[in-house]
Amino acid sequence: MTQGSYLGIVGPNGCGKTTLLKAILGILPLLGGNLDWADGRRPRIGYVPQRDAIDPIYPYRALEVVLLGLGTEHVFRPSPTREMRERAERALERVGLANHRYKGYSELSGGQRQRVLVARAIAVEPQLFALDEPTSGLDPGSTERLLDVVDEMRELHHLTVILVSHDLSLVARRATHALAMFEGKYVVGPVETTITTEQLSHLYQYPLRVVRSNGDVSVGPHRERKSVSGS
Amino acid sequence: MNFFDDFSSLSNSFYATLLLATVLAFLGVHVILRRVVFVGIALSEMSSLGIASSFYLERFEFTEPGRMFSFAREHLIMGTLLNFLGLVFLSPTESKRLSREARIGICFAAAGALAILLVALSPRGMDEIRALMAHDPLFISHQDLTVLFSTMIPALLGLVLFFRRFLLVAFDREMAISLGVHAKNWDMFFYLLLGLSIAMAIHFSGVLFAIGFLVLPSSAALSVGRRPWTIFLIASAIGLFSAVVGYVAGYHFDLPLGPTAVGIAFVIFILTQAGRRMSEFARIH
C-alpha cells in the first residue's frame, strides 16, 4: 500500500477480514508471511474498533474516551495536558460531537459512540487509519457522515486508510483499492478492477452485479428479470 | 473495653487493617470494571489452600526449620505462592475448549475442597486452624506489620501511578496494542498486584475481609462517582472509613473486627444505592 491509499477489505462473515486487520495492527501474531513498513518503522495508528468491543460499564465521558488514546507513549501517563485536551476537543468537534463531550459514553447512542471512537483515532494524529466495521448497525445518514469524516482526514493529512466492511457498495464508492476475501482466496487491486461483477460473482460463488453510474457504485445480487405474460 | 486506652497494643493491627482496606478498595474498582470479581474470589480460595498446605506440611521433616523446604511452613509464603499459581491457571487467555468462567469454577471448587482436606489431615487442631484462616486482624506483630507495609505500600503506589495505564488496557485492549502499549505485560502486572494484595489480605485479615473490601467500597463508589479519579478516591475513602469505624466499633462492642468492618462497608453501599435512587427519582420528577 502506498501512503494516502484507501484499502477496503471485504468478504463474507468468517473469511478473516478482522483477523487480517488485527494482524496488521499487531493485536494478533502473524502466523505466516511478513509485515514490512515503508520506512522500516511502524506508523502511528488510529484504530477504530467495532463499538461493541467497548464495555460501557466504564465511567468515561466522551472527552475522556478520546483522551485515553493520547499520551500512551508515557509510561506514567500523566493527567492530560492542555494540549491533549485541545486535541481531543478538536477531534470531537470534527465528528460533530463537541456538544456531547461531557456526556457519559454509555449514555450516547450507537452512532454517537462510533463517532467518539473515530474522534479518538483522529486525536492520535495517525499516519494509518484502521477501521473495523465502523458503520455496522448505523443508519445510512450516520454511515455517510462518518465516512465523510474519514475522507476529509485522508485528504487533509494524506492518511493511509484500511477499512474492513461487509458493505461492498460502500467500499466500491470510497476506497481506492480493495481486497476481497473468500474461503482462502482473495483478489486485490485498484477498486475498479477488483469490485467487478465477474470478480465478485466468482469470489462469492453467487451472482452479484456491480453497477457504476454517474460516479456512484452499487453492488447487489444479480437476478434475471422474468417477463410477465398474460393478463 | 476502650479502644483509645488500649491503642498502643492495638496500633499494629489497626494500621494493617487501614492499609489493607485502602489497597483492596482501590484495587476493587479495577476488579469490578474488568468484571473479574470471581477471579478475586477464586484467588482467595487459592490463598486459603496455600495456608492449609503450610499446616499440612508441618508433619514432614523436610519442612523443619533449617531445612531446604522450611518456607513451606510459612503461611504467608505458601498463600502467596498458591495465589500466583492460581493466577497462571486463570490468566486472561481464552481457550476454545475451556472458558475462563469454567476455569474459575474449577479453581474455586478444587482449591476449596483441597484446603478443607489438608486442614483435616494436618497435625494441628481444627479450631486452631479455623481461627488462623478466618482470623481477625487483632494480633499482628511488628514484624508482620513491616512485611505488610513493605509489600502493600509499593503495590498501592503502583496502582496509583499506573492507574490510567491499567484502565486503558482494560477499557480497550486492542486500541492500546495498536498504539504500541504492551497490554499483556500490563495485564500480568495488574494480576500480580491483585494476587499479592489478596494473599496479604487473606493472611492478615481473612477471606471475608478480603472479598468484602474488594467488592463493597468499589461498588458503592461506582454508584455515586462520575469520573474515574473520583471513583478511585471515593472507593479508597469508603474503605478507610469502614475499616476505622468497623475496627473501633468492633473493639468497643467486643465483636469480630473483620465482619464488623465489612458490615459497615455494606451499610455504606446500601446508603449510596438509596442516595442514587433518590437522586434519579428527583431528576425524573
Side-chain angles (χ1 to χ4, degrees), chain A residues 18 21-29 41-61 63-80 84 102-107 116-117 120-121 123-126 128-132 162, chain B residues 28-37 92-94 96 157-187 189-190 215 218-235 272 276 280 283:
Chain A
T18 297
L21 182 72
K22 288 182 179 178
I24 293 170
L25 300 180
I27 295 165
L28 292 175
R41 252 193 336 182
R42 185 185 154 89
R44 205 165 39 251
I45 296 170
Y47 174 50
V48 182
Q50 296 183 27
R51 67 176 183 281
D52 297 338
I54 306 291
D55 191 344
I57 190 181
Y58 283 77
Y60 283 128
R61 300 183 296 186
L63 182 67
E64 285 160 345
V65 172
V66 179
L67 281 166
L68 265 183
L70 302 178
T72 51
E73 62 276 19
H74 304 294
V75 175
F76 290 105
R77 294 229 56 213
S79 298
M84 283 179 180
Y102 295 126
K103 215 168 177 186
Y105 180 74
S106 57
E107 293 166 31
V116 169
L117 298 182
R120 188 178 65 178
V124 171
E125 295 180 348
L128 171 64
F129 216 170
L131 304 101
D132 188 6
I162 302 179
Chain B
V29 181
H30 284 294
V31 168
I32 300 264
L33 289 176
R34 284 174 177 246
R35 300 181 190 262
V36 292
V37 172
T93 49
E94 276 301 330
K96 281 184 180 167
L157 272 177
L159 285 169
V160 173
L161 280 176
F162 303 122
F163 104 102
R164 282 176 195 280
R165 185 54 58 105
F166 288 138
L167 280 177
L168 168 74
V169 169
F171 177 70
D172 192 348
R173 183 182 172 79
E174 294 186 348
M175 192 269 290
I177 295 172
S178 75
L179 290 170
V181 174
H182 296 285
K184 204 174 175 180
N185 294 350
W186 285 103
D187 270 343
F189 184 32
F190 170 76
V215 175
S218 49
S219 301
L222 279 161
S223 305
V224 293
R226 287 184 162 259
R227 300 189 60 194
W229 245 122
T230 55
I231 289 168
F232 280 95
L233 280 176
I234 293 170
T272 56
R276 193 171 64 99
E280 275 171 11
R283 203 172 55 199

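Every chain is numbered from 1 and lettered A, B, ... according to where its sequence line falls, protein lines coming before strand lines.
Here the straight-line distance linking atom CG of A:Asp55 with atom CZ of B:Arg35 works out to 4.0 Å at 0.5 Å rounding. Rounding to the nearest 0.5 angstrom, the gap separating the CD1 atom in A:Ile45 from the CE atom in B:Met175 is 12.0 Å. Residue B:Leu33 holds its CG atom at 8.0 Å from OH of A:Tyr60, rounded to the nearest 0.5 Å.
With a 4.5 Å cut-off on non-hydrogen atoms, A:Arg44 does not touch chain B at all. Using a 4.5 Å cut-off between heavy atoms, B:Ala170 touches chain A through backbone and side chain atoms alike.
A:Arg42 places a side-chain N or O within 3.5 Å of a backbone atom of B:Ser178 that can act as its donor or acceptor partner.
Comparing A:Leu28, A:Ile57, A:Val48 by how many heavy-atom pairs each has under 4.5 Å with chain B, the most go to A:Ile57. When A:Glu64, A:Arg61, A:Arg120 are compared by the number of non-hydrogen pairs under 4.5 Å with chain B, A:Arg120 comes out ahead.
Among residues two or more places apart in sequence or in another chain, the side chain to side chain contact (heavy atoms under 4.5 Å, CB included) test is passed with B:Val215 by B:Ile32, B:Val37, B:Ile211, B:Ser219. For the side chain to side chain contact (heavy atoms under 4.5 Å, CB included) test, residues two or more places apart in sequence or in another chain that qualify with A:Glu107 are A:Lys103.
Proximity of A:Tyr47 to B:Ile177: side-chain heavy atoms (C-beta onward) are nowhere separated by under 4.5 Å. The closest side-chain heavy-atom distance from A:Pro49 to B:Arg173 is not below 4.5 Å.
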- request: Run the numbers on B:Leu179 and A:Val124 for side-chain contact (heavy atoms from CB on, under 4.5 Å), then give the verdict.
  value: CA-CA 9 Å; B:Leu179 290 170; A:Val124 171; 3.7 Å; yes
message: Pair B:Glu174, A:Asp132 - check side-chain contact (heavy atoms from CB on, under 4.5 Å), show working.
response: CA-CA 11 Å; B:Glu174 294 186 348; A:Asp132 188 6; 5.7 Å; no
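Contact between B:Pro228 and A:Pro59 at its shortest, heavy atoms only, is CD-O, 3.7 Å.
Residue B:Arg226 places its CZ atom among 12 or fewer non-hydrogen atoms of other residues, nucleotides or ligands, all under 6.0 Å distant.
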